[in-house]
Amino acid sequence: MKKEFYITTTLPYVNADPHAGFASEIILADVRARFEKLQGKEVIFNTGTDEHGLKIWQKAQEEGVDTQAYVDKYAAKFDELKEMLELNYTNFIRTTDENHKKAAQELWKRVDANGYIYKKQYKVKYCVGCELEKTDSELVDGYCPLHPGKELEIIEEENYFFKFSALQDKLLELYKSNPNFVVPNKRFNEIKSFVERGLEDFSISRLKSKMPWGVPVPGDDDQVMYVWFDALTNYISTLGWPDNQENFEKFWGTKESPNAIQIAGKDNLRQQSAMWQAMLLAADLPTSKQVFINGFISVDGQKMSKSIGNVISPKEMVEKYGIDGTRYLLLTKGTFGEDNDISWEKLTTKYNADLANGLGNLTSRVVKLSENLDLEIEKKENIFDEANIKLVESFDLDKVLENIWNIVREDNKYIEDTKPWELAKNNEAEFKNVMQKLLNDLTLIAQMLIPFLPETAKKIQKALETKERVILFERIR
RNA sequence: CGCGGGGUAGAGCAGUCUGGCAGCUCGUCUGGCUCAUAACCAGGAGGUCGCAGGUUCGAAUCCUGCCCCCGCAACCA
């Protein structure tokens, strides 16, 4: 088996603070990365920030700050998640990094050299009222919703286009020969039918005069890259591509043996599983190995949005539930790939039930009962069985945690059935037997929790060693 | 006929691919226990699986039609 493991999240766009949805994505990746590390693999876990594009440029202008200063501020906010959520990512790439820009230009050149880029007149609709370009999807009945009745101007602009349409067959072939290329299956079906319906070439550049905040197009001073083309390249620029070919092959893989795992939200299905793969194919580079598509988080049945004012941020969650509490709650909010609904009330209920009353209380019972005992604890080698490994590999991490919590439940019942506090008084031998099992189980739980709740795992192990009682999770309210 | 997802106990969900006793967590009611974080354990109540038809010995699951909710509709990350 290959010794190297590569996983990447999508890069969040730096026009808003981190929210629970992205936190969920990056925690999933974090658990997987820690898990693979435990299996003895060398791991690269990539994340970062997407910092180019019109929106960011405009926002910086609005705030009257230098664009670079603006993106620096936001990049720092996202990098703070590392400590906030106890993440172990190895790479944090910013699309404004010099080596990234170079890589994006190199990718462009290769795609171009292979004949997949061409120049074309492109008509944009322009609302004079807003002084802004409008896309068809923004229009209502052909008019700008803010200025109904005002005719839109048509402006012609020359842009570079990517021959997405020419890669339809190659993409379909990729999907066909990799039956688990996109997970879950329903998303795979969705992207397959999208590609089968036919692809349209898309614009991959903008006029620099209108939008200066982008990576310059090689050999054309008047144009900058459209943000997607630039941003997607991060997955390989982070590995030092194109200069460091060895590192690239080690982690990204080769055509024969692709190695890159990607995780993304469902809004990114097309970009990650079709556009980016097409770009790689066009540049004659290996594709990703697998793309995992996560669902969305809603709050009390409503879309999480600034205007509704129901955004749940990882920061608030950590303040309330602690790091591992937050990790646990985001990991167990529902089935991977489905949309999951959360609310403060539900989160608190689950926190109290599973963490305080469940794991926390069990630890507290076992440590107290074993206070005066000095038993040798059996440490298992292969803590994850075949079934659990499979679940981790398909990102069904909630199911693995459920399996761990079944041990918690069994042990609570076992204590009730055997009444060790009575045995301690009248049956020393049996008392030791019972406690041996409980200590072994709790040790196993702690070992299994390492990738999921790293701090808690340590605390349990420490409590078992020192016999000092510890409150793992304070009850809320 | 634009694309896709969803409708299963008071709440949240799993089960649907591959048909075989309708399951889990929370809540609720009753009882038990005292090692533990007002926790823990046992038992109970609660469901015409969105609706209507079809296939089958048998349908939450497969097929057809309909109703309702939610995303997305590509140069907007």
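Chain letters run A, B, ... following the sequence lines, proteins first and then strands; every chain starts at 1. No experiment lies behind these values; they were computed from the predicted model shown.
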A:R206 vs B:rC76: side-chain N/O to OP1/OP2 distance below 4.0 Å: yes
5' precedence on RNA chain B between A:L355 and A:E200 (nearest-nucleotide basis): A:L355
Nearest-nucleotide comparison on RNA chain B, the residue closer to the 5′ end among A:L362 and A:P12: A:L362
Determine the Euclidean distance between corresponding [atom1] atoms of [M] and [N]; express it in Å to zero decimal places.
| N | M | atom1 | result |
| --- | --- | --- | --- |
| B:rC13 | B:rC70 | P | 15 Å |
| B:rG6 | B:rG32 | C1' | 42 Å |
| B:rU64 | B:rG23 | P | 29 Å |
| B:rU55 | B:rC21 | P | 23 Å |
| B:rC17 | B:rA60 | C1' | 14 Å |
| B:rU56 | B:rC68 | C1' | 29 Å |
| B:rU25 | B:rA14 | P | 15 Å |
| B:rU8 | B:rA59 | C1' | 14 Å |

Reference residue A:H100; test side chain to side chain donor-acceptor pair (under 3.5 Å); the match among A:N234, A:T233, A:D230: A:D230
Passing candidate, side chain to side chain donor-acceptor pair (under 3.5 Å) with A:T47, options A:T9, A:T8, A:N91: A:T9
Side chain to side chain contact (heavy atoms under 4.5 Å, CB included) evaluation trace for A:K210 with A:L54: CA-CA 9 Å; A:K210 287 190 193 167; A:L54 185 65; over 6 Å; no
Rounded distance in Å - [atom1] ([X]) to [atom2] ([N]):
| X | N | atom1 | atom2 | value |
| --- | --- | --- | --- | --- |
| A:E402 | B:rG23 | CD | C1' | 11 Å |
| A:I407 | B:rC40 | CD1 | P | 18 Å |
| A:D267 | B:rA73 | CG | C1' | 14 Å |
| A:R270 | B:rC3 | CZ | C1' | 7 Å |
| A:L167 | B:rA74 | CG | P | 21 Å |
| A:L269 | B:rA73 | CG | C1' | 13 Å |
| A:N268 | B:rG4 | CG | P | 20 Å |
| A:K467 | B:rC35 | NZ | C1' | 14 Å |

Ring-base stacking, A:W421 with B:rC35 (5.5 Å, 30° cut-offs): yes
Which part of the nucleic acid does [X] contact within heavy-atom distance under 4.0 Å: base, sugar-phosphate only, or nothing?
| X | answer |
| --- | --- |
| A:L472 | base |
| A:A356 | base |
| A:N412 | sugar-phosphate |
| A:K350 | nothing |
| A:G53 | nothing |
| A:S203 | base |
| A:Y226 | sugar-phosphate |

Picking from [options], what satisfies side-chain contact (heavy atoms from CB on, under 4.5 Å) with [X]?
| X | options | value |
| --- | --- | --- |
| A:W213 | A:Q68, A:Q58, A:K208 | A:Q68 |
| A:I297 | A:L330, A:D339, A:D341 | A:L330 |
| A:Y328 | A:L359, A:L355, A:L449 | A:L355 |

Would you please classify the geometry between the [Y] ring and the [X] ring as parallel, tilted or perpendicular, with 30° and 60° separating the classes?
| X | Y | result |
| --- | --- | --- |
| A:F164 | A:F194 | tilted |
| A:F229 | A:W108 | perpendicular |
| A:Y116 | A:F162 | tilted |
| A:Y351 | A:F473 | perpendicular |
| A:F45 | A:Y89 | perpendicular |

Closest nucleotide among [options] to the [X] side chain:
| X | options | result |
| --- | --- | --- |
| A:E416 | B:rU25, B:rC33, B:rU37 | B:rC33 |
| A:N357 | B:rC35, B:rA42, B:rC40 | B:rC40 |
| A:F164 | B:rC75, B:rC41, B:rA74 | B:rA74 |
| A:R197 | B:rC41, B:rC3, B:rC40 | B:rC3 |
| A:I415 | B:rC35, B:rC75, B:rA74 | B:rC35 |

Check: A:Y175/A:Q277 side-chain N/O donor and acceptor closer than 3.5 Å: no
RNA chain B-proximal residues of residues 180-196 of chain A, any heavy atom under 4.0 Å: A:K186, A:R187, A:E190, A:F194
Cation-pi check, A:K437 onto A:Y414 ring (under 6.0 Å, within 45° of axis): yes
Derivation and outcome, side chain to side chain contact (heavy atoms under 4.5 Å, CB included), residues A:R94 and A:D72: CA-CA 9 Å; A:R94 301 179 53 188; A:D72 285 349; 2.6 Å; yes
Base-paired stems that RNA chain B participates in, counting runs of 3 or more Watson-Crick or G-U pairs under 3.5 Å: B:2-7 with B:67-72, B:10-13 with B:23-26, B:28-32 with B:40-44, B:50-54 with B:62-66
Ring-ring centroid check A:Y74 A:Y70, cutoff 6.0 Å: yes
Enumerate the protein-to-nucleotides 12-16 of chain B contacts in which both atoms are nitrogen or oxygen and the separation is below 3.5 Å.
{"residue": "B:rA14", "atom": "OP1", "partner": "A:T335", "partner atom": "OG1", "Å": "3.1"}

